[in-house]
Every structure is written in structure tokens, then in C-alpha cells.
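What follows is a short report on a single structure.
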Amino acid sequence: MDLRLNEEEIMLRDMARRFMVSEVEPLVPQMQSSGEPPRALLRKLGAQGLLGTFFPEAYGGGGASLIARAVVAEEMARMDAGLDVSVFAHVMLFARAINNLGNEAQKRKYLVPALNGEMIGAMGITEPHGGSDALSPKTTARKVGDHHVLNGSKTFITNAPIADTFVIIARTSGDAGRIDGGTWFILERGAPGLSTGKPFNKLGMRSSPTGEVFMQDVRVPAAQVLGPPERGFHYMMDSLDLERVLEGASTVGIAQACLDEALAYAPQRVVFGKPIASYQLVQEKIAAMAIGIELSRNYMYHLLRRVERGDKVTRDAAILKLYSSQMAVQAASDVVQIMGGAGYMEDNKAARLYRDAKHHEIGAGTSEIMKIIIARDTLRAAAGG
Ligand SMILES: Cc1cc2nc3c(=O)[nH]c(=O)nc-3n(C[C@H](O)[C@H](O)[C@H](O)COP(=O)(O)OP(=O)(O)OC[C@H]3O[C@@H](n4cnc5c(N)ncnc54)[C@H](O)[C@@H]3O)c2cc1C
């Protein structure tokens with residue numbers, strides 16, 4: 001019995017695990033080569049309640065805990081980390097922004113179809129001149145009568161090539177670097193002046209399409225402003241904490257998949273007359289994976305309960321993201337090593353895990369930015385701030 005999860009969360013985890021094996025595993029080769037998840041799969045995920053988990057039931061969500069989202073994401077990343085990245089952007093970035101900032105009409109129009117998998121969403125923050133400095137977008141929105149006119153571009157945007165709807169942050173006033181003066185806009189594909197680039201050819205996460213969004217004199221009516229004008233960067237910074245905690249589910253899922261592969265391979269691979277699982281240098285790698293997974297998963301559950309209590313977890317979220325993403329990269333390297341030449345072959349999942357894991361040291365804030373946050377908040381706390 002898992003004392004960290006309640007009965008509902010355990011049932012959801014087990015259901016998600018079965019779904020990944022029966023519905024997702026057969027599609028992995030197709031998703032890896034086509035570079036995107038099939039729409040029919042997203043609709044199935046929606047119908048099974050695997051997209052809506054913690055969202056309000058009034059909009060088609062499951063009304064469950066944040067841990068419910070974590071157990072689903074872990075199982076998804078364990079099966080295909082790229083699918084998990086696309087669903088993460090759709091659910092945690094796009095749908096959550098609509099849920100947290102949207103008015104009733106916007107939630108009916110965008111949140112309901114997002115949660116049932118009929119519509120695909122994306123969120124655009126990062127720009128070509130540097131994603132880490134997220135308070136300095138060059139994308140601007142100028143008020144003209146009762147419309148805004150958007151100009152600029154976003155890059156590395158998950159789901160951009162396939163999304164029906166985008167939430168985009170633009171500077172509406174003030175200087176670069178200031179937290180005031182940002183506004184979110186909802187843009188629908190097909191809006192005059194809005195276009196997307198072709199999918200990037202990536203190192204990993206190949207089931208997830210990533211691309212650019214271009215805006216040239218896009219006229220956005222007032223009904224498409226999302227949340228309080230000028231306060232958009234505040235939401236962006238606040239929402240990053242939970243994104244980083246829940247990214248822990250993605251990294252744990254990858255590391256768990258590495259451990260799964262290692263445990264399947266090491267006991268049956270006989271070298272020098274013995275299974276390699278009996279060699280302590282191999283055991284050391286397996287122990288490191290098991291330790292990293294347990295620590296990350298437990299820390300994540302703990303932080304999710306704290307977020308639900310209303311605690312601010314900026315420093316802890318950065319610690320989890322930094323630790324668990326590095327842990328997943330190490331686990332992926334170790335499983336390739338344990339499998340030797342076989343691990344280097346594309347036919348084995350280890351090679352894909354090795355390519356996929358690296359993403360999590362970059363997306364949603366790089367490892368360097370996590371270290372800066374951890375040091376800043378630690379020094380501040382020591383100074384009594
Ligand atoms: C597959 C993928 C999917 C993504 N999906 C999305 C998405 O859906 N939406 C979105 O908005 N963005 C998305 N991103 C973008 C991602 O958030 C950015 O790549 C990330 O924030 C880093 O920004 P950058 O790539 O511009 O790197 P830069 O900001 O240019 O940083 C380059 C290097 O400099 C380092 N650096 C920067 N500043 C400092 C500093 N002060 N001190 C020390 N080192 C520093 C960084 O750590 C990094 O190593 C995605 C990225 C990838 C790879």
C-alpha cells in the first residue's frame with residue numbers, strides 16, 4: 001500500500017498505467033516518426049479524464065488533487081516523454097492559464113474543449129533573443145480603439161505547429177525587465193497575421209512538435225485579452241513554481257523508465273559467466289536510479305501538498321527541478337551504459353530516454369536559472385528577508 005497516495009490517486013495511477021500500455025505504447029513508433037501525437041489519442045486521453053485531473057468539474061475536469069496530475073504525467077513520461085511534454089504544455093501551460101485567468105465565456109470556449117481533447121493549446125513566452133530573460137519580450141501589443149495589435153515572435157513553443165489556440169504574453173507598457181506591463185492574449189489559428197513555422201528537428205522529445213509563432217499586426221479583440229491587463233508577468237512568474245514541481249513527474253517518469261529497462265536487461269545479460277546485475281559497478285547505477293526516483297517522487301508529492309495548502313514554494317520548486325532533471329539525465333546515461341552497445345542502438349528505448357531526458361535541464365527554466373533562484377532565496381532567508 002502506498003501511504004503517500006489516497007485511494008483515488010492510486011486508482012488513477014493504475015488506470016493511467018494500463019492506458020499507456022494499451023493505447024499509447026502501440027503508437028510510440030508512429031509518434032516518434034510523425035513528430036506529433038495523433039488527435040484521436042488526445043481525445044481518448046480527454047475522455048478517460050487523463051487531461052482534466054485537477055481542473056474543476058464544471059469545465060470537464062476531474063476535480064481531483066494536484067497529485068492526480070502528477071501520477072498521470074509520470075506514467076505518460078515513463079511511456080513516451082515527448083507525448084508528456086506536449087500534454088504538459090497543453091494542460092499545465094495553456095489550459096491552466098485559461099482556468100486561472102479566464103472569464104466564464106473564455107473558459108466555456110477554450111477550457112472545455114481543451115480538457116476533453118478536442119482542441120490543442122500552446123503557450124508562448126520564449127523569444128528568439130533569450131528565454132531565460134522572460135520579463136524582456138520584444139513582442140508588443142498596442143491598443144488601437146477596442147483592439148490590441150500584436151507584433152513579434154515566439155520560439156521553441158511546444159505544440160506550435162499543431163495548436164488550434166495560443167496564449168501569448170506581450171509587453172503592453174513599461175521597460176524590458178519590469179514585472180508590470182505584460183498582458184496575455186488568446187489567439188486562434190487562422191487569425192490574420194498569425195502564422196507558425198515548421199516543426200523544429202530536435203535532439204529528443206520527438207513525439208512533441210516544437211516551433212515558432214509569428215505575429216504581424218494581429219488584431220485581437222478585447223474579448224481575447226486573458227486576465228488582468230498589465231499583470232501578465234505576475235501570473236507568469238507565480239505559475240512557474242507549480243510547473244516546475246509538476247515537471248518533477250516528467251523527470252521521475254523518465255528515470256523510472258530507465259530503471260525499468262535496466263531491471264529488465266541486467267539480470268539476463270550474462271558476461272564473464274555471470275549476469276551483469278551481480279556486478280557491483282552495475283548495482284551502483286541501479287541503486288543511484290532507485291534513490292533519485294524515490295527522493296524526487298517523495299519531494300514532489302510533499303511540495304504538491306504544500307502548494308494545495310497555499311504555501312509559496314519557489315525555492316523548493318527550483319531545488320526539485322534542478323535535482324530531478326539532473327537525476328533523470330544521469331539515469332538515462334546509466335541505462336545506456338548498463339546496456340552497452342545495445343543501449344546505443346536506436347531500437348532500444350534507452351537511446352530515446354537518453355535524448356529525451358536532456359530537455360528537462362532546459363525547459364521551464366534552465367539548471368543555471370534554478371541555481372540562481374536557490375542561491376538568491378537561500379541568501380535572502382539567511383539575511384532574514
Ligand atoms: C523542447 C522544448 C520545448 C519548449 N517549450 C516551450 C513552450 O511551450 N513555451 C515557451 O514559452 N518556451 C518553451 N521552451 C523554451 C524554454 O523555456 C527555453 O529554451 C528556456 O527557458 C531557455 O531559454 P533559451 O533557450 O533562450 O536559452 P538562453 O536564455 O539563451 O540561455 C542560454 C544559456 O545561458 C544560460 N544563462 C542565461 N542567463 C544566465 C545567467 N543569468 N546566469 C548564468 N547562466 C545564464 C542558460 O542557463 C543557458 O545555459 C521550450 C524549449 C524546448 C527545448
Side-chain angles (χ1 to χ4, degrees), residues 31-32 35-37 77 80-98 114 120-139 152-171 176-177 182 184-187 196-215 226 232-233 235-237 239-241 243-244 246-247 250-251 254 317-318 321-322 325-326 328-329 352 355-376:
M31 291 193 292
Q32 290 285 314
E36 60 185 59
D80 185 328
L83 173 66
D84 170 63
V85 163
S86 265
V87 170
F88 185 95
H90 174 68
V91 170
M92 289 307 299
L93 306 185
F94 174 80
R96 191 163 65 105
I98 303 279
I120 300 178
M123 173 182 269
I125 297 173
T126 305
E127 299 200 355
H129 61 277
S132 302
D133 188 7
L135 291 178
S136 305
K138 292 193 164 68
T139 298
S153 69
K154 302 285 175 180
T155 193
F156 305 144
I157 306 306
T158 299
N159 295 340
I162 57 168
D164 305 297
T165 312
F166 304 80
V167 291
I168 298 283
I169 191 143
R171 188 162 277 289
W184 289 102
F185 297 91
I186 307 173
L187 306 186
T196 54
K198 60 180 188 53
F200 287 126
N201 186 9
K202 301 193 297 299
L203 171 67
M205 300 300 189
R206 292 187 183 164
S207 301
S208 171
T210 315
E212 291 155 296
V213 181
F214 306 104
M215 291 146 288
L226 179 64
F233 293 127
Y235 174 76
M236 182 181 81
M237 299 311 272
S239 66
L240 274 169
D241 288 351
E243 280 162 41
R244 287 172 183 156
L246 275 169
E247 203 176 334
S250 305
T251 50
I254 291 174
K321 184 184 186 301
L322 178 68
S325 58
Q326 290 180 340
V329 168
R352 166 156 63 91
R355 292 189 277 100
D356 288 350
K358 183 65 191 171
H359 161 79
H360 291 296
E361 290 187 322
I362 299 167
T366 63
S367 295
E368 290 74 20
I369 298 299
M370 294 309 104
K371 287 176 188 168
I372 290 169
I373 293 170
I374 297 161
R376 179 199 66 195

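In this text, all values refer to a predicted model and were calculated from it rather than measured experimentally. Residue numbers run from 1 in the order of the sequence given. Start at 1 and go down the list; that is how both ligands and their atoms are numbered.
- Annotation: the span from Met123 atom CE to Ser239 atom OG amounts to 5.5 Å, rounded to 0.5 Å.
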Exercise for the section: Begin with the C-alpha distance, continue with both residues' side-chain angles, and end with the deciding distance and a verdict on salt bridge (Lys or Arg N to Asp or Glu O under 4.0 Å) for Lys358 and Glu361. Expected result: CA-CA 6 Å; Lys358 183 65 191 171; Glu361 290 187 322; 2.6 Å; yes

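- Phe200 is listed as a side-chain neighbour of Thr155, based on a closest heavy-atom distance under 4.5 Å.
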Would you tabulate the polar-atom pairs, meaning N/O of ligand 1 against N/O of the protein, with distances under 3.5 Å, reported to 0.1 Å?
residue: ligand 1; atom: 5 (N); partner: Phe156; partner atom: O; Å: 2.9
residue: ligand 1; atom: 5 (N); partner: Thr158; partner atom: OG1; Å: 2.8
residue: ligand 1; atom: 8 (O); partner: Thr158; partner atom: N; Å: 3.0
residue: ligand 1; atom: 8 (O); partner: Thr158; partner atom: OG1; Å: 3.4
residue: ligand 1; atom: 9 (N); partner: Met123; partner atom: O; Å: 3.0
residue: ligand 1; atom: 11 (O); partner: Ile125; partner atom: N; Å: 2.9
residue: ligand 1; atom: 11 (O); partner: Thr126; partner atom: N; Å: 2.9
residue: ligand 1; atom: 11 (O); partner: Thr126; partner atom: OG1; Å: 3.2
residue: ligand 1; atom: 12 (N); partner: Thr126; partner atom: OG1; Å: 2.7
residue: ligand 1; atom: 14 (N); partner: Phe156; partner atom: O; Å: 3.2
residue: ligand 1; atom: 23 (O); partner: Gly131; partner atom: N; Å: 3.4
residue: ligand 1; atom: 26 (O); partner: Gly131; partner atom: N; Å: 2.5
residue: ligand 1; atom: 29 (O); partner: Gly131; partner atom: N; Å: 3.4
residue: ligand 1; atom: 29 (O); partner: Ser132; partner atom: N; Å: 2.9
residue: ligand 1; atom: 29 (O); partner: Ser132; partner atom: OG; Å: 2.6
residue: ligand 1; atom: 47 (O); partner: Thr366; partner atom: OG1; Å: 2.6
residue: ligand 1; atom: 47 (O); partner: Glu368; partner atom: OE1; Å: 2.7
residue: ligand 1; atom: 49 (O); partner: Glu368; partner atom: OE1; Å: 3.4

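- Side chains of Val85 and His359 form a contact here, defined as non-hydrogen atoms less than 4.5 Å apart.
- The main-chain N or O of Ala364 is found under 3.5 Å from a side-chain atom of Arg244 such that the two form a donor-acceptor pair.
- A donor-acceptor contact shorter than 3.5 Å links the side chain of Lys202 to the backbone of Ser208.
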